[in-house]
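This chain uses plain numbering: 1 for the first residue, then up along the sequence. Only a predicted model underlies this, so the values are computations on that prediction, with no experimental measurement involved. Worth knowing before you read on, the calculation uses all heavy atoms, side chains too, and leaves out hydrogens, waters and symmetry mates.
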Amino acid sequence: MLTLFERYIGSTMLKATATTLVVLVMLLVFFTMVEEMGDVGRGDYRLRDAFLVSVLSAPRYMFEAFPVAALIGSLIGLGSMGAHGELIAMRGSGFSLRQIVLAVMKTGLLMMALVFAFGELVAPPSEQWSAQHRMEKMQEKVTSKSRYGFWARDGRAFINIRTILPGSRLEDIYVYEFDDNRRLTLATHAERAEHQVDHWLMYQIRQSEISENGISQRQLDQARWDSLLDPGLLSAIVVQPTMLPINELYHYIRVMQDNGQSATSYEVAFWVKLATPLGTLVMLFITIPFVLAHQRFINVGQRVFLGIMLGMAFYMFSRGMSYVAVVYDFNPMLSAFIPVASFLAIGLFMLRRAR
């Protein structure tokens, strides 16, 4: 149960964070719209499609920009309270520094729970549908994705792919070919397929040829597959590792490890997704001693600038550690939590001085 004191601090932070987040997302959507307009005219891609793709990117931007928005929002919110003497009055009336920290952390936990749920439930399907719509319009191919995998039409054939892996690799592929009278003539299943240069290569194939005389079956170790299916279309269907839900990330890691493929980038994304909520809380924690130490001497513009600089420093440090993990085979879990631990140490040091 939140006290009146905690609710007041929380509402001030929430308002400032929400305003900052809306502004950041609108700017990012606008820049995306400008970038997408360069592709207008390719295939059946029109201005309305560019606008739709840009708007559908908003959930992803909301999830990615939230740590910076929370940092800037807390600096503005708590900074305005400090500038008007409210924090001094609170401490003078008996509220300790520990109570202020707890109030900020409780608000941060609430915000992180909402945004984490949003990033797990809304952002991935929105990003996937946006990428699929974009490629469909540009390449003028009919595709869809359901719980039964990816579906596409290739001439008189219908293709169902259950698993799409990075690097134009497919698993569990079904191809159904029809004649001019829309009768099924050939059903093919392949365990996996890889794109070479101008064609696909299928492995471990089972085929059933259907004719008026009956059904004949055959098996092949491998065969060339001359499909018009574009690897670019398939790569667009695969959502970035950072935007996959936790359970799908875990599934991808298991599948790639079982196939002897490197899953480091997905492991890094998995641990980063777990570390991001903690990182955001740490960034909120850092704002407290800074605001208390400079309550009346920094204006709003300086607070925004400080928030951007701190956010960029944390982002660059986190990205740098992710690259280290991928390139030098460093432990993915440590690469995700080292930036969080480093900034927490900075925050504790600043808080000790603020006491």
Is the number of heavy atoms from other residues, nucleotides or ligands under 6.0 Å of Glu209 CD greater than 12?
no
Closest non-hydrogen atom pair between Ala70 and Leu284, with its separation:
O-CD2, 3.4 Å
Looking only at heavy atoms, the pair that brings Phe285 and Leu348 closest together is CE2-N, 3.6 Å
Anything under 30° is parallel, anything over 60° is perpendicular, the rest tilted; go ahead and classify Phe337 against Trp271.
perpendicular
Examine Phe66 and Val23 and state if one hydrophobic cluster contains both, with Ile, Leu, Val, Met, Phe, Trp and Tyr joined whenever side-chain heavy atoms are less than 4.5 Å apart.
no
State yes or no: are the ring centers of Phe158 and Tyr176 separated by less than 6.0 Å?
no
Taking CZ in Phe178 as the centre, count heavy atoms belonging to other residues, nucleotides or ligands within less than 6.0 Å. Is the count above 12?
yes
Side-chain H-bond candidate by donor/acceptor type, Ser54 with Glu36, under 3.5 Å
no
By the rule that ILVMFWY residues connect when side-chain heavy atoms come within less than 4.5 angstrom, directly or transitively, which residues belong alongside Tyr203?
Leu201
Crowded around Glu35 CD? As in, over 12 foreign heavy atoms under 6.0 Å?
no
Shared hydrophobic cluster, Ile246 / Val268 (ILVMFWY, side-chain heavy atoms < 4.5 Å):
no
In this structure, are over 12 heavy atoms from other groups packed under 6.0 Å from Arg224 atom CZ?
yes
Which heavy atom of Met321 sits nearest a heavy atom of Ile338, and at what distance?
CE-CD1, 3.9 Å
Does some side-chain heavy atom of Leu170 sit less than 4.5 Å from a side-chain heavy atom of Ile173?
yes
Mutual orientation of the aromatic rings belonging to Phe343 and Phe314 [parallel < 30°, tilted 30-60°, perpendicular > 60°]
perpendicular
Give a yes or no answer on whether the side chain of Asn181 reaches the backbone of Arg183 with a donor-acceptor pair at less than 3.5 Å.
no
For the backbone of Ser126 and the side chain of Ser130, can you confirm whether one donor and one acceptor N or O come within less than 3.5 Å of each other?
no
Counting heavy atoms not belonging to Phe118, are there more than 12 under 6.0 Å from its CZ?
yes
Is there a side-chain contact between Leu21 and Met62, using heavy atoms and a 4.5 Å cut-off?
yes
Say you draw a straight line from CD1 of Ile72 to CE of Met283; how long is it, rounded to the nearest 0.5 Å?
10.0 Å
Tell me which one of Leu102, Leu14, Val104 satisfies side chain to side chain contact (heavy atoms under 4.5 Å, CB included) with Ile9.
Val104
Report the relative orientation of the aromatic rings in Trp200 and His195; use parallel for angles under 30°, tilted for 30 to 60°, perpendicular for over 60°.
perpendicular
How long is the span from the CG atom in Leu281 to the CG atom in Leu109, to the nearest 0.5 Å?
5.0 Å
Determine, using the 4.5 Å side-chain heavy-atom cutoff (strictly less than), whether Val282 and Met105 are members of one ILVMFWY cluster.
yes
Option from His189, Arg218, Glu177 for which side chain to side chain donor-acceptor pair (under 3.5 Å) with Gln207 holds
Arg218
Measuring from atom CD1 of Ile100 to atom CG of Leu78, what distance do you get when rounded to the nearest 0.5 angstrom?
8.5 Å
One should read off an interatomic distance between Met26 CE and Tyr61 OH, to the nearest 0.5 angstrom, of 14.5 Å
Considering the options Thr20, Thr17, Leu71, Thr19, which one meets the side chain to side chain contact (heavy atoms under 4.5 Å, CB included) requirement together with Ile76?
Thr20
Nearest heavy-atom pair of Ala325 and Ser335: which atoms, and what distance?
CB-OG, 3.6 Å
When hydrophobic residues are tied together by side-chain contacts of less than 4.5 Å, even through go-betweens, does Phe30 share a cluster with Val53?
no
Salt-bridge test for Glu171 and Arg192: reply yes if a basic N is under 4.0 Å from a carboxylate O, no otherwise.
no
Quick one: are Ile159 and Ile161 in side-chain contact, heavy atoms under 4.5 Å?
yes
How many angstroms lie between CZ in Arg7 and OG1 in Thr12, if you round to the nearest 0.5 Å?
12.5 Å
Is it the case that Gln219 and Arg206 place a side-chain donor and acceptor less than 3.5 Å from each other?
no
Do Ser318 and Val272 have side chains that approach each other closer than 4.5 Å (heavy atoms only, starting at C-beta)?
no
Is it the case that more than 12 heavy atoms not belonging to Asn247 sit under 6.0 Å from its CG atom?
yes
Taking all heavy atoms of Ala103 and all of Thr107, pick out the closest pair and write down the distance.
O-OG1, 3.0 Å
Within one Ile-Leu-Val-Met-Phe-Trp-Tyr cluster: Leu186 and Met202, side-chain cutoff 4.5 Å
no
For the residue pair Val175 and Ala157, what are the closest heavy atoms and their distance?
CG1-CB, 4.3 Å
CG of Leu56 to CD of Glu127, rounded to nearest 0.5 Å, is 9.0 Å
For side-chain contact (heavy atoms from CB on, under 4.5 Å), just list the numbers for Met33 and Leu47, CA-CA rounded to whole Å, side-chain angles, deciding distance to a tenth of an Å, and then say yes or no.
CA-CA 9 Å; Met33 180 67 182; Leu47 184 60; 3.7 Å; yes
